[in-house]
Amino acid sequence: DHAGIATQLMVERQLASEGKKRTAMGREKFIERVWEWKKQYGGNITNQMKRLGASVDWDREYFTMDENLSRAVREVFVRLYEERDADGNRLIYRAKYIVNWCPRCETAISDLEVKHEEVTGKLWEIRYPVVDESSEGASLRDAGPQRAAVPTEFITVATTRPETMLGDTAVAVNAKDGRYTHLHGKKVLLPLMNREIPIITDELAQPEFGTGAVKVTPAHDPNDFQAGLRHNLPQIDVMDEHGVMNANAGPYAGLDRYAARKRVLEDLAAGNFLVGEKEHKLSLGKCDRCATVVEPRLSEQWFLRIKTLADKAIAAVESGEITIVPENYRTIYLNWMNNIHDWCISRQLWWGHRIPAWTCTNEACKEVIVAREAPTQCPKCGSGNLEQVSDVLDTWFSSGLLPFTTLGWPEKTRDLDVFYPNALMITGFDILFFWLARMIMFGCHFMQGHTQDAAVKAAGGDSAAKNDAVPFRHVYIHMLVRDADRQKMSKTKGNVVDPLEVIARFGTDATRFTLAAMAAPGTDVAFNESRTEGYRAFANKIWNAARFMFMNVDRIEPGLRPGTAEGGCLHMGVAGFQATSLEDRWILSRFNRVAADVNDALATYRFHESANRIYDFFWGEFCDWYLELIKPRLNFEEGGDKTAAQAACANLVALFEASLRLLHPIMPFITEEIWQAVYEGNAPSKSIALAAFPQADEKQFDLAAETEMAILQDLIVSVRNLRAELKVENKVKVPVEVYAPEPAIRKMIEQNRGAVERLAHAESLAFTKESLANLSSVRSTARFDVRVIYEAKIDTAAECARLKKELERLEKAISNGQRQLGNEGFLAKAPANVVEGLRKQAEELAVLRDKARSKLAELGC
RNA sequence: GGGCGGUUAGCUCAGUUGGUUAGAGCGCCUGCCUUACAAGCAGGAGGUCGCAGGUUCGAGUCCUGCACUGCCCACCA
């Protein structure tokens with residue numbers, strides 16, 4: 001979008017560096033200059049999106065200042081101006097009101113654009129002399145200034161902005177405050193200005209605070225403004241749009257507000273009016289864009305009467321027609337929406353949508369005309385001299401319309417039928433109120449009565465949704481990316497992480513993976529480079545695994561493609577996969593599980609879970625185990641079977657291809673590259689992005705294979721452990737003995753003895769009839785004992801230490817288990833599978849404990 | 001003044017509806033250039049889950065209070 005105030009600021013800075021000023025240039029020339037700037041920098045965003053691999057319908061690129069969108073903005077403005085609420089008030093109105101004013105940007109800004117900062121400032125106490133009524137009359141004027149020098153009574157007020165006293169038009173006390181009852185109806189003489197102002201009674205003054213008396217400056221404080229209206233007080237504006245004191249400030253005119261503050265304080269002190277100066281904590285409002293301290297300023301602005309729109313926006317979320325993830329933002333949203341104030345939508349800027357309103361320049365008429373197109377003549381007085389209001393609209397006014405204006409509104413378009421309501425809005429929490437809230441308000445209001453195309457609605461699974469006016473059905477709120485130290489990125493701090501730079505160093509895929517893996521809902525991402533380094537290594541791992549695959553395909557069966565039989569690989573998790581071995585059955589089962597988990601994680605916006613799940617599968621299971629396990633079959637030249645090698649190769653390709661599809665949303669580039677290579681130019685679709693996302697087939701879950709494989713892995717790891725402890729040299733293969741009392745398990749190990757020998761670096765594998773638990777160089781599990789036969793001196797002390805630690809752990813676990821299993825409450829209330837699991841575990845732990853005990857006895861420690 | 005988060009291994013972070021022995025990456029220690037991969041492989045050390053209570057058969061997970069910390073909202077001179 002055109003980002004009115006931000007963009008104008010950027011161009012102003014650019015001009016400043018050339019020694020030029022916006023005001024000297026004139027509106028037209030300046031806007032031309034902004035367009036130039038936009039042309040130059042707007043492309044950066046597009047470029048970043050492309051480099052990030054965003055999948056975007058580029059034909060639908062839009063800009064909020066385009067003519068079609070601008071026309072929609074005017075349409076909305078006019079409709080809101082013409083529409084009246086239940087009380088008969090226009091939804092858009094113009095009013096003279098205290099608004100937040102940025103003296104640097106020289107414009108009004110909305111409440112949201114003010115950032116409050118807690119600072120320790122000063123609270124000054126000033127005493128105002130009470131006018132002595134006994135000397136009322138001619139003598140008052142005659143006596144002149146000297147009269148103030150001998151007052152009899154004072155009333156003391158407190159302020160954090162003493163310069164505003166120049167615009168005071170009253171002093172307020174609370175009617176219930178007995179201390180001031182005698183002063184009701186009297187006047188004080190405003191120091192420095194020598195102006196008599198009344199003492200009024202108003203709720204504004206709270207007896208508990210300070211002295212209980214408060215100065216009233218209707219033109220410079222929102223509360224005072226209201227009080228002023230209640231008491232018909234004059235509004236004396238003492239500053240101009242730059243925050244410089246004006247003629248109303250008398251001798252202080254021309255001074256900047258802070259210089260004036262200093263002088264006022266000095267003068268008050270000199271006149272003996274300043275009676276106190278205390279440290280005081282206050283929240284200082286600063287301009288969101290340029291950090292200048294905001295000044296409450298009386299000015300004529302356009303407002304949107306928000307309640308009508310807000311009510312609909314509340315209903316849409318409360319009813320669940322719009323869902324928000326993470327859920328706590330729902331409360332935040334509703335809380336804000338329920339306490340919303342009218343929205344100041346006019347800005348005294350040049351860059352933006354100019355308000356479609358004209359004023360008749362005829363002094364006697366001054367009619368305001370709001371219209372879609374420029375009127376030629378005043379409908380009231382007939383004058384042809386009309387001038388368009390110079391204000392522009394708040395950027396968010398137009399941004400808030402995007403869900404429907406980008407689809408062609410106010411025309412009735414096919415796009416609106418199909419795409420409205422949008423399915424999902426993804427946006428940052430920092431613009432929840434600025435943007436999201438406004439989109440919901442505008443959408444619900446202007447699209448009321450809209451009905452989405454029934455077929456599209458059903459296809460999206462939203463056929464039961466009632467309210468099609470909502471701009472989108474689901475909202476995903478993402479957090480901020482911070483720097484590695486959790487600091488908010490800022491140009492002034494110089495800690496901005498430029499995505500393009502990260503991409504240049506680590507690659508897009510690694511960058512995307514980092515963001516995905518760290519995107520736990522509701523948590524900021526501390527962008528940590530070491531993490532990205534790790535994911536670059538992952539990309540590298542994928543690449544090398546692909547090399548391995550291609551190497552084997554080229555050698556074993558050149559031209560091999562993933563299965564594309566009926567239904568095609570596109571609709572199945574893994575097509576053409578023929579499980580012929582334990583590892584085949586295992587990996588197929590594991591793949592389907594990961595596919596199930598990833599789909600589930602994505603459906604619930606748990607992106608980090610999906611990323612981590614694929615990572616663990618691909619690296620920890622597919623590469624670390626499966627590829628290692630099938631190597632003997634692939635290497636048929638070493639006395640194997642070529643047919644088996646071809647089958648293994650086909651499985652490898654099928655599984656890899658499916659994994660690529662699963663990985664593609666997070667790592668689009670590497671997966672596309674390998675996928676295309678797999679098909680050697682004959683891919684079933686133009687891009688992997690168009691291939692179906694793998695779905696889990698629960699029939700492929702194979703619990704038996706997973707259990708068996710786990711035992712095999714245990715066995716291999718146990719041998720590796722023993723080798724490491726015995727410090728067996730890497731090249732040396734050692735004989736291994738296994739005791740496996742259960743015949744089925746023994747058989748399974750026997751069938752996979754080759755795998756054990758190879759992956760555990762064993763010379764041979766033999767089965768024993770007797771338990772090995774008490775022998776040395778043994779590792780035991782509940783299913784098997786395994787022993788490495790190696791003539792190395794065992795470090796008895798180290799082995800004892802290890803066993804003792806192990807025994808300690810086991811005993812603790814056993815006693816925990818016993819306590820639970822002996823607990824009637826547990827047996828009665830815990831689910832059966834939990835109890836059963838614990839029983840089984842207790843048995844296994846007991847076996848292990850016995851083994852460890854007897855082993856310790858054997859070693860004599 | 002309201003509201004919302006966070007506090008788990010040396011560091012950065014996961015841990016959905018309470019359920020077996022709390023995980024990952026990086027870093028660290030040991031050993032390996034084993035023909036996909038040293039950006040790698042194999043093995044290892046490291047945590048009383050901020051503190052104090054409570055609920056429960058069972059708490060990192062739920063409740064209360066406290067401490068520290070970050071953020072949002074608010075017209076307190």
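Values below: all heavy atoms of this structure, side chains included; hydrogens, waters and symmetry mates excluded. Residue numbers start from 1 in every chain, and the chains themselves are labelled A, B, ... in the order their sequence lines are given, proteins ahead of strands. Keep in mind that what you see is a predicted model, and the values were worked out from it rather than measured.
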For [N] versus [M], give the span between their [atom1] atoms, rounded off to a whole number of Å.
| N | M | atom1 | value |
| --- | --- | --- | --- |
| B/rC41 | B/rC49 | C1' | 32 Å |
| B/rC33 | B/rA22 | C1' | 36 Å |
| B/rG1 | B/rU56 | C1' | 37 Å |

Residues A/K278, A/E125: salt bridge by 4.0 Å N-O rule: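 Looking at A/K278 and A/E125, the cut-off is met.
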Whether [X] contacts [N] is assessed here as follows: a side-chain N or O lying under 4.0 Å from the phosphate OP1 or OP2. Is that the case?
| X | N | value |
| --- | --- | --- |
| A/N721 | B/rG44 | yes |
| A/K727 | B/rG43 | no |
| A/S530 | B/rC11 | no |
| A/K541 | B/rC41 | yes |
| A/R531 | B/rG25 | no |
| A/W619 | B/rC41 | yes |

In whole angstroms, how far is the [atom2] atom of [N] from the [atom1] atom of [X]?
| X | N | atom1 | atom2 | result |
| --- | --- | --- | --- | --- |
| A/I431 | B/rC71 | CD1 | P | 19 Å |
| A/F550 | B/rA36 | CZ | C1' | 12 Å |
| A/D597 | B/rU16 | CG | P | 14 Å |
| A/K281 | B/rG1 | NZ | C1' | 13 Å |
| A/N339 | B/rA74 | CG | C1' | 9 Å |
| A/I674 | B/rA36 | CD1 | P | 17 Å |

Sugar-phosphate only, base, or nothing, as touched by A/L123 at under 4.0 Å among non-hydrogen atoms: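 Contact class for A/L123: none.
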Residue whose closest nucleotide on RNA chain B lies nearer the 5' end, A/A724 versus A/R606: A/R606
Nearest-nucleotide comparison on RNA chain B, the residue closer to the 5′ end among A/L627 and A/H608: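 Looking at the nearest nucleotide for each, A/H608 comes out on the 5' side.
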Single hit among A/R161, A/K215, A/R297 for salt bridge (Lys or Arg N to Asp or Glu O under 4.0 Å) with A/D221: A/R161
B/rU55 pairs with, by Watson-Crick or G-U criteria that keep both distances under 3.5 Å: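 Per the H-bond distance test, none.
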Aromatic plane relationship, A/F433 with A/W336 - under 30° parallel, 30 to 60° tilted, over 60° perpendicular: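 Parallel: the ring planes of A/W336 and A/F433 meet at under 30°.
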CZ (A/R179) with more than 12 external heavy atoms under 6.0 Å: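 Yes, enclosed.
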Matching residue for A/Y615 among A/F618, A/F617, A/W619 - test: ring-ring contact (aromatic ring centres under 6.0 Å, His included): A/W619
